[in-house]
Amino acid sequence: MSKKNLSERDICTKYITPAITTAGWDVHSQVREEVTFTAGRVIVRGKLHSRGKNKRADYLLYYKPNLPIAVIEAKDNTHGLGDGMQQALNYAETLDLPFVFASNGDGFLFHDRTGLGEQVESELPLDGFPAPEALWQRYCEWKGLATPESRETVATPYYDDGSGKVPRYYQVNAINRAIEAIARGQNRILLVMATGTGKTYTAFQIIWRLWKSRTKKRILFLADRNILVDQTRTNDFKPFGQAMTKIEKRQANKAFEIYLSLYQAVTGSEEEKNIYKQFSPDFFDLIVIDECHRGSAAEDSAWREILDYFSGATHIGLTATPKETKDVSNIHYFGEPVYTYSLRQGIDDGFLAPYKVVRIDIDKDLQGWRPSKGQLDKNGQVIEDRIYNQKDFDRTLVLEKRTELVAKKITEFLKASDSFAKTIVFCEDIDHAERMRQALVNLNPERVQENRKYVMRITGDEAEGKAELDNFIDPESRYPVIATTSKLMTTGVDAQTCKLVVLDQRIQSMTEFKQIIGRGTRINEDYGKFWFTIMDFKKASELFADPAFDGDPVQVYEPKEGESPVPPDEPELPEAPGEELPGQPESPFPPEGEEEGGGRIKYVVGGEVTVRIVAERVQYYGPDGKLITELLKDYTRSAVRKEYASLDDFLRRWTGAEKKQALIAELEAQGILLDALAEEVAKQTDKSFDPFDLICHVAYDRPPLSRRERAEQVKKRDVFATYGDQARAVLEALLDKYADAGIESIEDIKVLTLDPFTRLGTAPELIRAFGGKPAYLKAVQELETLLYA
């Protein structure tokens, strides 16, 4: 067979793989073929979802199992030698690989991203593929790994539990970037990874490799919440076994190598309580600071004291939200991030859940409310005479009807979607969280009757609620379903199955906003969690439009001479008059077990003041990472016309598509939400439309036909006369199926195993009635042509 007639797979098997192995690459440990490294973006369609296309490299080459260094993109021999290069370069940038190859079986086009070669791109014969050692030497030169010790550190393998679990590509990038920086002698490292992307697992693999190579012998892992330390100890860090301890009861046992601790457990207001000073300043080689953006809180500078004391150690900061303001800077302390993996990238790759935003505006929030002269609240206090608005509600003034309205909208949403969808309601303070709990209990009496823990307040001041936090985040535990909270659940809570995040809290800190949104971004396929909804009552979702929401951190902090390198957070000052200033400014992130709450005058106004909703709209996460705020119809029109300039262009593509479902998937991958669009159009017309008619109608102003109308038109033409009775019955049943469920339902041959087809015969019998599978598939294609004639 001519090389031109071989498939891409045949080219790989007969030419590319032999060329690689001849060059000395071990096909078992150094060569992986057809490596899928993204999951495919989740596309939300109404109440349904689908997956976009994932990214898959034809070959990845590894110097060691943990060290990918090259990618090869293969094409069949009808393509030119370098036709796969641009695709391969895209993969190389994503996977952080310096060496890129494209091949069609005649040889290789080699692209060297290190800049160390004589030229960037060169052609190589099949027998001229570089040996592993040659690429490794250039890799080490590129990374600045000048000593045998540094190279050995970088080449130390990951922890492998034998289950086949390996780090995701971005975790590999983060781990290797951190270890390579340390191997070069860098002692301040910052990793920025979006919530839900496995920062702790990444930290574990970094520590494991540094520990196993004996580059770092004693390690301290610092966090500021017990739940973070305990989760880390029992989950990701478990393989450290007997070498690991948690510092507690103010005891410093120096017999271990891996230490986990709360900041608060090793520091205190009195010098003798600073137990970290029981260790010598050179005791630890490495300190990892989890959620390092929080360590700069005004009343908790403990981590800075610890880092100053152990200044000779390497410090690694982990965060999803680096603090960068004119007063506060993580970058000033740690340096530029060695690696950043953003929320947008995580959603695009399909590792994080996209979101819909339901924005709800309440009349009193927008218009304000003013008491009558001398009006008393429910507690007999004279309400200060001024206009109260969204800034005030539930902080200085409570409108009970407003609380009830918010609870009603939450309840309606859950009843319409899933009454047992895990929900976090973020409230202004503990008092607000308790009022919201009561309102939700009263609106869900049947659910509360089934289990009193259906709604729970989970705040730092109340033991029973805090005790339910583990149950809330446990996917296998049904209760609690709804958690009302203030600050306690903003960060460090791994709520994998949270499907609804309610914002009834005014959020002014971008850091806090990112952390709150992060409560919903985890995907858990086993429990059907692929996306989540944000219900916003306080205009907090306007922060999505802020360039700082998902950009790389930009340092703006300029320290003054003599100041601490990481100064405290800016105080969150009250904006509305009538608030009492507490003795100390509030930190956006209070210490373990505490929350904001006391110290303010709060008026409570009963049912005499009514509230109502004045606007409600749904916004979708678009393919460009921004919220689609225009009308769904307008967005669809512009998106379709961008792809198909005219109706004729679209008709040619639709008619030429062997399977319409493939074209529908392409449109959805571009963010065209056909199910949601169908729902919107159906409300106006009371008819169910095919994607074809929806697009022709919305994008090109053509009058639509319902699926039922299209099916009836075909039946009237009596076009099945050439088929036998059984085949004709199948085609008529396919038309009915199309009318009920759409084109996708009849394109899958498995439809013949369902009712009503099973009443006509078994699937093999029905296929034989057409003369075999090819003839059956041809008949279905002809049926589609008739439907869209």
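All residue numbers in this chain count up from 1 along the given sequence.
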Name every donor-acceptor pair, under 3.5 Å, that has one atom in a side chain of residues 767-779 and the other anywhere in the protein, sequence neighbours excluded.
none

> Does E404 reach the main-chain N or O of A439 with its side chain, forming a donor-acceptor pair under 3.5 Å?
Replying inline: no
>> Whether the side chain of N104 engages the backbone of K75 through a donor-acceptor N/O pair (distance < 3.5 Å, no angle test) should be reported.
In response: no
> Do any N or O atoms from the side chain of K401 and from the backbone of R612 form a donor-acceptor pair under 3.5 angstrom?
Replying inline: no
>> side chain to side chain contact (heavy atoms under 4.5 Å, CB included), that's the test. Do L405 and F537 meet it? Break it down for me.
In response: CA-CA 10 Å; L405 182 60; F537 292 91; over 6 Å; no
>> Among residues at least two apart in sequence or on other chains, which ones pass salt bridge (charged side-chain N to carboxylate O under 4.0 Å, His left out) with D526?
In response: none
>> With rounding to the nearest 0.5 angstrom, report the CG to CD1 distance, L6 to I11.
In response: 5.0 Å
>> Once rounded to the nearest 0.5 Å, what's the spacing between atom NZ of K356 and atom CD1 of I534?
In response: 12.0 Å
> If you measure from the Lys or Arg side-chain nitrogens to the Asp or Glu carboxylate oxygens, is any gap between K415 and E412 under 4.0 Å?
Replying inline: no
>> Could you walk me through whether L352 and T197 satisfy the side chain to side chain contact (heavy atoms under 4.5 Å, CB included) test, starting with their C-alpha distance in whole Å, then the side-chain angles of each, then the deciding distance to 0.1 Å, before giving a yes or no?
In response: CA-CA 7 Å; L352 293 180; T197 55; 3.8 Å; yes
> What distance separates F650 CZ from I695 CD1, expressed to the nearest 0.5 Å?
Replying inline: 4.0 Å
> So does R708 pair up with D740, basic N to acidic O under 4.0 Å?
Replying inline: yes
> Is a donor on one side and an acceptor on the other found under 3.5 Å between the side chain of N524 and the backbone of Y527?
Replying inline: yes
> Quick check: does any side chain N or O of Q345 sit under 3.5 Å from a backbone N or O of S342, one acting as donor and the other as acceptor?
Replying inline: no
> For T758, which residues count as a side chain to side chain contact (heavy atoms under 4.5 Å, CB included) partner, sequence neighbours excluded?
Replying inline: D755
> Salt bridge or not for R51 and E525, using N-O below 4.0 Å?
Replying inline: yes
>> Looking only at the side chains, is there a donor atom on one of D349 and Y170 sitting less than 3.5 Å from an acceptor on the other?
In response: no
>> Using a 3.5 Å distance criterion without hydrogens, assess whether the side chain of H697 forms a donor-acceptor pair with backbone atoms of R702.
In response: yes
> Where is the tightest heavy-atom contact between Y341 and G346, given as atom of each residue plus distance?
Replying inline: OH-CA, 3.3 Å
>> Around atom CD of E446, are there more than 12 heavy atoms from other residues, nucleotides or ligands closer than 6.0 Å?
In response: no
>> For the backbone of A739 and the side chain of R707, can you confirm whether one donor and one acceptor N or O come within less than 3.5 Å of each other?
In response: yes
> With the threshold set at 4.0 Å, does a side-chain nitrogen-carboxylate oxygen contact exist between R728 and E732?
Replying inline: no
> Can a salt bridge be assigned to the pair K539 and D536 using a cut-off of 4.0 Å between side-chain N and carboxylate O?
Replying inline: no
> Does the pair R653/E643 count as a salt bridge with the N-to-O cut at 4.0 Å?
Replying inline: no
>> I need the minimum non-hydrogen distance between P704 and F689, along with the two atoms involved.
In response: CB-CE2, 3.6 Å
> Looking at D365 and R506, does any basic side-chain N land under 4.0 Å from a carboxylate oxygen?
Replying inline: no
> Counting heavy atoms not belonging to K4, are there more than 12 under 6.0 Å from its NZ?
Replying inline: yes
> Short question: side chain of T423, backbone of V502 - any donor-acceptor pair under 3.5 Å?
Replying inline: no
> Can we say D736 and K715 salt-bridge, meaning some charged N sits less than 4.0 Å from an Asp/Glu carboxylate O?
Replying inline: yes
> Could you give the distance from NZ (K422) to CD (Q496), rounded to the nearest 0.5 Å?
Replying inline: 11.0 Å
>> Tell me if a side-chain donor or acceptor on R519 pairs with a main-chain N or O of Q515 at a distance below 3.5 Å.
In response: yes
> For R9, does the CZ atom sit with more than 12 other heavy atoms under 6.0 Å from it, leaving out its own atoms?
Replying inline: yes
>> Could you walk me through whether V358 and K409 satisfy the side chain to side chain contact (heavy atoms under 4.5 Å, CB included) test, starting with their C-alpha distance in whole Å, then the side-chain angles of each, then the deciding distance to 0.1 Å, before giving a yes or no?
In response: CA-CA 11 Å; V358 180; K409 293 303 294 183; over 6 Å; no
> Looking at CD1 of I410 and CG of L440, how far apart are the two atoms once the value is rounded to the nearest 0.5 Å?
Replying inline: 5.0 Å
> Is a side-chain donor-acceptor pair under 3.5 Å present for D76 with T78?
Replying inline: yes
>> Would you say CD of Q781 has more than 12 non-hydrogen atoms from neighbouring residues, nucleotides or ligands within 6.0 angstrom?
In response: yes
>> Would K55 and Y169 count as a side chain to side chain contact (heavy atoms under 4.5 Å, CB included) here? Give the steps.
In response: CA-CA 11 Å; K55 289 185 178 180; Y169 86 83; over 6 Å; no
> What pair of heavy atoms forms the shortest contact from A353 to K529, and how long is it?
Replying inline: CB-CE, 4.4 Å
>> Pair D504, R402 - check salt bridge (charged side-chain N to carboxylate O under 4.0 Å, His left out), show working.
In response: CA-CA 11 Å; D504 199 24; R402 187 190 179 283; 3.0 Å; yes
> Nearest heavy-atom pair of V481 and S419: which atoms, and what distance?
Replying inline: CG1-O, 3.6 Å
> Within a reach of under 6.0 Å around CD1 of I387, are more than 12 heavy atoms found that belong to other residues, nucleotides or ligands?
Replying inline: no
> How far does OH of Y788 sit from CD1 of I743, to the nearest 0.5 angstrom?
Replying inline: 3.5 Å
> Backbone N or O of G84 within a donor-acceptor pair of the Q87 side chain at under 3.5 Å?
Replying inline: no
> Taking the six-membered ring for Trp, are Y644 and Y700 ring centroids under 6.0 Å apart?
Replying inline: no
